[in-house]
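The next block holds one structure in the form of structure tokens; read it before the comments.
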Amino acid sequence: ALVLMFPPLPRFRCLLQRCWQRLEGGLLPGFSGGQSLPWGPALGVQASAFLPQPVHDTNESNEAPSLLDSILWMAAPKKRRTIEVNRCRRRNPNKLIKVKTNIDVCPECGNLKQKHVLCGYCYAKVKAETRLIREEIHKQEGGPFNAPTVETVVLYDGEKPTEKDAGKRIIERARKRPSWFAQS
Amino acid sequence: MRLSVPVAISHGRVYRRLGLGPRSRIDLLRNLVTALVRHERIEAPWARADEMRGYAEKLIEYAKLGDTNERAMRMADFWLTEKDLIHKLFKVLAPRFQPHPGSYTRLLQIPNRDGLDRAKMAVIELKGNPFPPLIRQRRDSEKTLLNQLLKGYREDLKQAAAP
């Protein structure tokens with residue numbers, strides 16, 4: 001808080017009171033430092049200024065504060081934005097949500113998918129089956145850090161290892177082979 | 001050369017900044033590489049999977065040099081934190097990818113993660129893994145005109161070669 005050393009003249013006292021109220025209300029944020037009185041008007045004080053207090057106060061409160069408070073401008077809109085201007089701003093193409101043209105139908109399941117992304121349904125299907133295969137692998141391996149040094153092949157119900165699966169580790173899955181997982 | 005805007009702004013920098021710093025980034029990617037070699041198909045945020053892909057392919061190229069090679073063994077020892085995977089790398093993955101000249105991994109984008117962050121996720125897998133395929137190749141049916149003509153041509157060649 002600023003402490004001014006001047007004996008406050010009547011005109012300055014009202015100004016001081018008002019500025020202090022605004023400071024407390026946080027309306028004069030730009031003012032910091034400056035011990036001297038920068039708000040002293042450049043005009044000379046006339047004799048008529050030294051009227052008794054109450055009349056002076058009413059005069060002060062009646063006149064527009066523009067001269068004294070013009071030190072600090074705050075930006076404020078000058079006119080109301082018309083609905084036409086508002087519509088132009090709100091409906092500008094950069095504010096509208098863009099339409100995606102990269103959505104397609106998955107040929108396998110018929111769900112929608114983005115062109116450069118895998119189909120969610122098909123991927124969930126494959127993920128579930130992979131999880132079950134991995135559980136079988138864990139059961140066969142027993143513990144952690146037992147990665148085998150041979151390839152792995154997955155066989156379903158009623159399938160026999162071919163000559164290609166000669167030296168590989170066999171993982172049995174107790175179900176029919178799904179149509180989307182062809183035997184290599 | 002005409003470059004796209006982010007490529008031009010980066011001024012030739014190709015490595016992403018992940019994790020808490022350079023050491024943390026390498027540790028993150030090392031964990032992902034170990035997981036990929038162990039499970040052969042993993043889901044991860046797309047940026048991390050993309051960064052990791054280069055390191056994984058370089059590791060497989062080193063493994064192709066054979067496990068007697070000192071540099072290859074040191075690389076495998078650094079990059080694979082679980083030491084039983086070093087055996088898997090040299091005995092399973094190196095022979096599997098011996099005929100391939102490059103590109104041993106496949107990176108595909110999946111729908112965004114279900115949690116709060118909706119992160120861009122990808123699945124990265126080693127080719128030739130035993131799991132069901134992620135994309136099914138759609139081959140044209142036998143009955144299309146082009147395929148019938150090609151079939152006829154093949155049979156003509158066989159008949160010309162046979163007698």
Side-chain angles (χ1 to χ4, degrees), chain A residues 102-103 106-109 111-138 140-156 161 164-165 167-173 175 177-184, chain B residues 33-44 46 49-50 63 67 76 80-98 106-114 118-141:
Chain A
N102 55 2
I103 304 182
C106 169
E108 311 275 317
C109 59
N111 288 331
L112 296 174
K113 70 185 266 297
Q114 279 191 299
K115 285 184 190 157
H116 59 291
V117 179
L118 295 183
C119 167
Y121 185 80
C122 301
Y123 177 68
K125 220 168 43 177
V126 169
K127 197 169 155 184
E129 184 60 30
T130 330
R131 215 186 110 246
L132 295 169
I133 295 174
R134 283 211 182 115
E135 273 174 21
E136 293 286 322
I137 292 177
H138 287 333
Q140 211 176 46
E141 281 180 1
F145 308 128
N146 289 345
T149 52
V150 289
E151 296 266 8
T152 310
V153 74
V154 182
L155 294 177
Y156 286 86
K164 272 193 301 180
D165 316 328
K168 299 186 190 177
R169 159 178 81 153
I170 312 272
I171 304 287
E172 301 279 334
R173 278 277 296 126
R175 59 157 281 185
R177 180 167 279 265
S179 59
W180 37 270
F181 187 8
Q183 197 163 10
S184 60
Chain B
V33 168
T34 310
L36 179 68
V37 169
R38 160 153 264 138
H39 299 115
E40 303 201 18
R41 179 186 285 179
I42 55 176
E43 238 178 64
W46 190 88
D50 197 42
D67 64 353
L80 299 173
T81 51
E82 293 161 15
K83 301 308 170 187
D84 56 317
L85 294 176
I86 302 181
H87 299 282
K88 179 176 176 183
L89 177 71
F90 284 108
K91 293 181 185 161
V92 176
L93 299 182
R96 190 203 283 181
F97 293 123
Q98 204 64 49
R106 191 179 282 129
L107 179 73
L108 297 160
Q109 190 181 346
I110 49 184
N112 287 354
R113 186 159 38 193
D114 277 331
R118 309 293 295 165
K120 180 177 181 186
M121 298 291 280
V123 59
I124 181 167
E125 62 167 8
L126 294 170
K127 292 186 182 166
N129 62 71
F131 300 121
L134 289 167
I135 31 169
R136 256 182 105 187
Q137 290 287 19
R138 305 229 110 204
R139 311 206 60 146
D140 278 342
S141 116

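Lettering of chains follows the sequences in order, A, B, ..., and the numbering in each one begins at 1. Nothing here was measured: the structure is a model prediction, and the numbers come from that model. Computed from heavy atoms alone, side chains included, the values below leave out hydrogens, waters and symmetry copies.
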Quick check: do [X] and [Y] have side-chain heavy atoms less than 4.5 Å from each other?
| X | Y | answer |
| --- | --- | --- |
| A:Ile133 | B:Pro132 | yes |
| B:Ile135 | A:Leu118 | yes |
| B:Glu125 | A:Thr130 | no |
| A:Tyr123 | B:Leu108 | no |

Can you say whether [X] sits under 4.5 Å from chain B via the side chain, the backbone, both, or neither, judging by heavy atoms?
| X | result |
| --- | --- |
| A:Phe145 | both |
| A:Lys127 | side chain |
| A:Val150 | backbone |
| A:Pro178 | neither |

Next item on the list: Determine the option with the most heavy-atom pairs under 4.5 angstrom with chain A, choosing from B:Lys91, B:His87, B:Arg96.
Entry: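 Answer, by heavy-atom pair count under 4.5 Å with chain A: B:Arg96.
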Hey, could you give me the [atom1]/[atom2] distance between [X] and [Y], rounded to the nearest 0.5 Å?
| X | Y | atom1 | atom2 | value |
| --- | --- | --- | --- | --- |
| A:Arg134 | B:Glu40 | CZ | CD | 9.0 Å |
| B:Lys88 | A:Glu151 | NZ | CD | 8.5 Å |
| B:His39 | A:Ile137 | NE2 | CD1 | 8.5 Å |
| A:Ile171 | B:Phe131 | CD1 | CZ | 9.0 Å |
| A:Cys119 | B:Arg136 | SG | CZ | 12.5 Å |

Residue pair [X] / [Y]: nearest heavy atoms and the distance that separates them:
| X | Y | result |
| --- | --- | --- |
| B:Pro111 | A:Gly120 | CG-CA, 3.8 Å |
| B:Pro130 | A:Thr152 | CB-O, 3.4 Å |
| A:Val126 | B:Leu134 | CG1-CD2, 4.0 Å |
| A:Asn146 | B:Arg38 | N-NH2, 3.8 Å |

Pick one of side chain, backbone, both or neither for [X], based on which atoms fall under 4.5 Å of a heavy atom in chain A.
| X | answer |
| --- | --- |
| B:Leu89 | neither |
| B:Arg138 | side chain |
| B:Val123 | side chain |

For atom [atom1] of [X], is the number of surrounding heavy atoms from other residues, nucleotides or ligands below 6.0 Å larger than 12?
| X | atom1 | answer |
| --- | --- | --- |
| A:Asn102 | CG | yes |
| A:Arg175 | CZ | yes |
| B:Arg118 | CZ | yes |
| A:Tyr156 | OH | yes |

Notebook entry, point to check: Between A:Lys125, A:Glu108, A:Lys168, which has the largest tally of heavy atom pairs under 4.5 Å with chain B?
Noted result: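 Sorted descending by pairs with chain B, the first entry is A:Glu108.
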